[in-house]
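In what follows, a single structure is set out as structure tokens and then discussed.
This chain uses plain numbering: 1 for the first residue, then up along the sequence. Just so you know, these numbers come straight off a predicted model, no measurement behind them.
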Amino acid sequence: MSLTNQNIIIFSQMQFDGKLESTNYTMAKHLAKDNFVYYVDRPFTWRDYIKFKNTPGFKTRKPHFFSPSNSIIDTEIPNLKIIITPPVPSINMLPEGKIYRIALKFNEWIVGKRLKTIIKNLKIEDYIYINSYNFSYPTLHKLLKPTLTAYHCVDPIIEPYQTKHGLISEDVLVKGVDIVISTSMELRNQKALLNKNSYFIPNAANISHSLKTLNPDLPVADILSDIKKPIVGYFGAIERRIDYDMVRELLSTNPDKNFVFVGPIDTYYISEEDYKAPNLYIKGAVPYEMMPSVLKGFDVAIIPFKKDEVSSHIFPLKLFEYLGSGRPVVSTDFNPDLEDFTEGTVPFCKTAKEFSAAIEVCLKDTEALQQKRLAVAADNTWEHRIVEIKELLQLNFDKKHH
């Protein structure tokens, strides 16, 4: 039996209006088609409050920060509401230990107080609570007393600012919830050591959005208009996961091709030197709505992620977004599980030499190959995945209920 007409509170690490489409918010939108979903936006810290004071995101949230009776933002989906909580003290700079954990309890109390007020005012009863990768609040659910608690783990914890407290907090969270849903098999295996009720449900794509790429009337994005073809493109965050050494080698061995990276840039990982290659274009972030027109300008779409101790935990959303746009795709072999989901449509390369050869093959693309990629994408849509998530939640909800 699939989950319907259920109250679900999703406490997320990702902001509802973030620059890139997130697994967390996409899941919320799909669950809200036949359930009542309250998406708790990642709480601002006081540092965020000062830093982002002049941004559109701040202005959207400002009327709701300090008003318990006006803390909900409506969305285009009638059953999906965004909850804004008060800003909390910035505590990440504290060393791990007793003082940090006391400060964390205080922050959880601030957020919990707001949520309890909303739950009471809206008479939300018998609900499911999903912590969607917000491991910074590992025991918040204990203040709220939902019927079923779940942790949705979408990535390994890698960045130093996250690992400092996050590794301990996530373990507390995993042990403390009823079920854990992970987006890669490796993550699932890791979490199962702490919570045997752990499951693997991979990422999927918003295929209806990707398919717009194939519309003959859709113009190619202006940001690509001055770049000579063939264009080898990447759409997504430009950050830690990319194998920059390999990218440099690809640039030097493929001078006849232009490489374009479109997405928010983490300057910590990319240096001024990287910008100097004559066939590299780094374009920065664009709205998610522009993705189809950007992908339309790519001759080949790439995932040049590095293979390291955590890469097998990553199941990137962009893989199926690319396939759903019909573009040929070349990837590194950073996660062996991906081959099981792509049915031979994507070459997974070990070296820059293999990667270059695969790009050459992809530039001789055919209609038959494109149709095969579109069929793989159609099997990995959110419509398919959400059925799995809903069945899992319903099964475990029923167990708790009776």
_Please report the interatomic distance OH(Tyr281) to CG(Asn279), rounded to the nearest 0.5 Å._
8.0 Å
*asked:* Please enumerate all residues that pass side-chain hydrogen bond (donor to acceptor under 3.5 Å, both in side chains) together with Glu108, with sequence neighbours excluded.
replied: Thr139
*May I have the step-by-step check of side chain to side chain contact (heavy atoms under 4.5 Å, CB included) for Phe259 and Val247, ending in yes or no?*
CA-CA 9 Å; Phe259 289 76; Val247 170; 5.8 Å; no
*State, yes or no, whether a side-chain contact exists between Ile10 and His152 at a heavy-atom distance under 4.5 Å.*
no
*Full working for salt bridge (charged side-chain N to carboxylate O under 4.0 Å, His left out) between Lys229 and Asp299*: CA-CA 8 Å; Lys229 283 182 164 291; Asp299 297 294; 3.1 Å; yes
*Any side-chain heavy-atom pair from Thr75 and Tyr25 closer than 4.5 angstrom?*
yes
*Is the closest side-chain heavy-atom distance between Ile8 and Leu3 below 4.5 Å?*
yes
*Nearest 0.5 Å, what's the CG-NE2 distance between Asn131 and His141?*
8.5 Å
_Lys123 and Glu125: CA distance, side-chain angles, deciding distance, salt bridge (charged side-chain N to carboxylate O under 4.0 Å, His left out) verdict_ = CA-CA 6 Å; Lys123 300 182 172 61; Glu125 294 177 348; over 6 Å; no
*Got a sec: does the CG of Asp379 have more than 12 other heavy atoms crowding it under 6.0 Å?*
yes
*Just grab all the side chain to side chain donor-acceptor pair (under 3.5 Å) pairs involving residues 327-349, residues at least two apart or on different chains.*
Lys307-Asp333
*Would you give the length of the straight line joining atom OG of Ser90 to atom CZ of Arg47, rounded to the nearest 0.5 angstrom?*
5.0 Å
*Answer yes when Asp365 and Arg373 have at least one side-chain N-carboxylate O distance shorter than 4.0 Å, and no when they do not.*
yes
_Aromatic centroids of Phe135 and Tyr133 separated by under 6.0 Å_ = yes
*Before accepting this row, confirm whether a basic side-chain N of the pair Glu76/Lys29 lies closer than 4.0 Å to the acidic partner's carboxylate O.*
no
*Sidechain N-carboxylate O distance under 4.0 Å for Asp266, Arg241*: no
*asked:* Just so I know, are the side chains of Leu104 and His165 near enough to count as touching, which here means a heavy-atom distance under 4.5 Å?
replied: no
*asked:* Before you tell me yes or no, could you show the steps for Leu80 and Phe16 under side chain to side chain contact (heavy atoms under 4.5 Å, CB included), namely the whole-Å CA-CA distance, both residues' side-chain angles and the distance that decides it to 0.1 Å?
replied: CA-CA 11 Å; Leu80 176 60; Phe16 77 98; over 6 Å; no
*Is any side-chain heavy atom of Gln190 less than 4.5 Å from a side-chain heavy atom of His313?*
yes
*Nearest-0.5 Å distance that lies between atom CG in Leu194 and atom OH in Tyr151*: 11.5 Å
*What distance separates Lys191 NZ from Glu170 CD, expressed to the nearest 0.5 Å?*
3.5 Å
*Please tell me if the side chains of Ser71 and Ile118 come closer than 4.5 Å, counting only heavy atoms from C-beta onward.*
yes
_Is any side-chain heavy atom of Val330 closer than 4.5 Å to one of Cys349?_
yes
*Going by heavy atoms in the side chains, are Ile386 and Met27 under 4.5 Å from each other?*
yes
